[in-house]
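Beneath this line is the structure, given in structure tokens, with notes to follow.
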Number of protein chains: 2
Amino acid sequence: MSRHELEACKRCDARHQGLCDALHDDDLHFLSDAAHRSAIAKGEVFVTEGNPARNFFNINQGAAKLYMDLADGRRQITGFVGVGDFVGLAAGTRYAFSAEAIEPVQLCRFDRIELRAVSARFPVIERRLLEIASHELVIAQEQMLLLGRKTAIERVASFLEGWYRRTLCADPGAPLDLPMLRGDLAEYLGLTIETVSRVLASLRRQGVVAVAADHRISILDHARLAAIGQTFA
Amino acid sequence: MSRHELEACKRCDARHQGLCDALHDDDLHFLSDAAHRSAIAKGEVFVTEGNPARNFFNINQGAAKLYMDLADGRRQITGFVGVGDFVGLAAGTRYAFSAEAIEPVQLCRFDRIELRAVSARFPVIERRLLEIASHELVIAQEQMLLLGRKTAIERVASFLEGWYRRTLCADPGAPLDLPMLRGDLAEYLGLTIETVSRVLASLRRQGVVAVAADHRISILDHARLAAIGQTFA
DNA sequence: CGTGTATTTGAACACATTCAAGCTAGGTGG
DNA sequence: CCACCTAGCTTGAATGTGTTCAAATACACG
């Protein structure tokens, strides 16, 4: 009933990443049939902290921020997700986080029960989810180290270095494309918007990065950036 | 070949928690046979960040701290684990963290390959590991919120409230037993030892807690502690 | 080209840290 | 039994990093 969707699925940008990469083309229709595709506008919140955790999501296009709020408005962004990323593991019966699109997003929504049925048939899916969760745990711990122990300049340098590694796109000299605002960056790094701005200015003055207006940052001195960020992993 | 160990396994303090709880007594020997039991002395490091991640661990007795270090000695404790806790998910091919016993520890060590063989036969184990990882992700995100956005007094209050919930032992008025040193607490909360000490003194003066000398703290005013810690979950 | 949003920059301030000294409890040996 | 020693903890004063408050500038979009 969804031959057309299956074909689209095979050509999806996320086809060979994360969850989807777990199945061969032959079995892919089991996942494709369980997927509810939808488009999320920039700024739209598609997961709300505290709501019953009924779905998982897989990002096919765009990017989103995941965050937790305190009662008085303070916010901590716990991660940014992009194409191929799986969203929704951090939940018991209710979501522990909220998610908002920072770019127009296309995603596949999976009912948790339905996905469980698929993974019962293909244990490789459950195993893949475990790998994804393990990797997220590693990232989360590194972020705890950053938030608990690193200085402002170390946090920004760590972030840029990490973002560079995630988007490794052939040319190591190409400018990084940061889809998020300064405010998002601040809320991710446990800083204020002013501090992020000042630190970026400092890194620019030191000749480590070049900051362009259109959310693009070029890394001029990788070695120095990694040294500042204390990222030797 | 291990009837005696199986019987001990059934009476283990961790029998009905986490990983072990996934199997019925009838199937338990598959796990028991894969377990290598060992004793870890207080202060002993049994996982080292960067080493090949060959094992998982399940704590049967005692408690340990998990942490990451920076080159200059700054340390972030990413979690404390106790009886029934599973250790080792936060790893790819190498451990992303180190683990040190803060009390004498008894644990079951599992070779990752062997455990994979068991979980191939009992998918419920893989599912349980995913549940454990999901729960750890929730905890990790709450910790990011704490480290990135909460004040010193909010961090300490959150910790005490969280520790209280973990050790919920019948009597809600019973003093909490904190196995870790002030220094560990500081490294967990992203503070210094002096700040932790000052904040505890402040909470004591406010009549929220009573601090005894033997690592015991009584919570005198739960509502106020939760309010200070911004823990409404 | 004008308007609103995002970002940068500046100055005063605050919270937590650093450095330093004192205290307490537990263990050891005279 | 008490003096002494050490490790852990507490308290105090000065300092510093990042925040807060405020204003100016740059940018994107109509």
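Numbers restart at 1 for each chain; the letters A, B, ... are given by sequence-line order, proteins then strands. Not measured: the values here are computed from a predicted model.
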Can you see if the side chain of [X] gets near the phosphate of [N] - specifically, an N or O under 4.0 Å from OP1 or OP2?
X       : N       : value
T195(B) : dA16(C) : no
R204(B) : dT11(D) : yes
S197(B) : dT10(D) : yes

Using atom [atom1] of [X] as one end and atom [atom2] of [N] as the other, report the distance to the nearest whole Å.
X       : N       : atom1 : atom2 : answer
E194(A) : dT9(C)  : CD    : P     : 13 Å
R155(B) : dA16(C) : CZ    : C1'   : 9 Å
L200(A) : dA26(D) : CG    : P     : 17 Å
R198(A) : dA12(C) : CZ    : C1'   : 12 Å
R182(B) : dA25(C) : CZ    : P     : 13 Å
R216(A) : dA26(D) : CZ    : P     : 22 Å
K42(A)  : dA28(D) : NZ    : P     : 12 Å
L147(B) : dC15(C) : CG    : P     : 19 Å

Using a distance-only test with no angle check, is there a side-chain donor-acceptor pair under 3.5 angstrom linking [X] and [Y]?
X       : Y       : result
Q206(A) : R224(A) : yes
S158(B) : E154(B) : no
R198(B) : T192(B) : no

Contact nearer the 5' end of DNA chain D, comparing H215(A) with T151(A):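 Closest to the 5' end, via its nearest nucleotide, is T151(A).
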
Any idea how F80(A) and W163(A) line up, ring-wise: parallel (<30°), tilted (30 to 60°), or perpendicular (>60°)?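 It falls in the perpendicular class, over 60°.
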
Map I193(A) and R149(A) onto DNA chain C by nearest heavy atom, then report which one ends up closer to the 5' terminus.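 Here I193(A) is the residue nearer the 5' end.
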
Under 4.0 angstrom, heavy atoms only, what part of the nucleic acid is L191(B) near: base, sugar-phosphate, or nothing?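 Sugar-phosphate, no base atom in range.
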
Given dC21(D), dA16(C), dT11(D), which nucleotide is nearest the side-chain atoms of A152(B)?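 The answer is dA16(C), which lies nearest to the side chain.
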
F57(B) ring center near F46(B) ring center (under 6.0 Å):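 Ring centroids of F57(B) and F46(B) are less than 6.0 Å from each other.
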
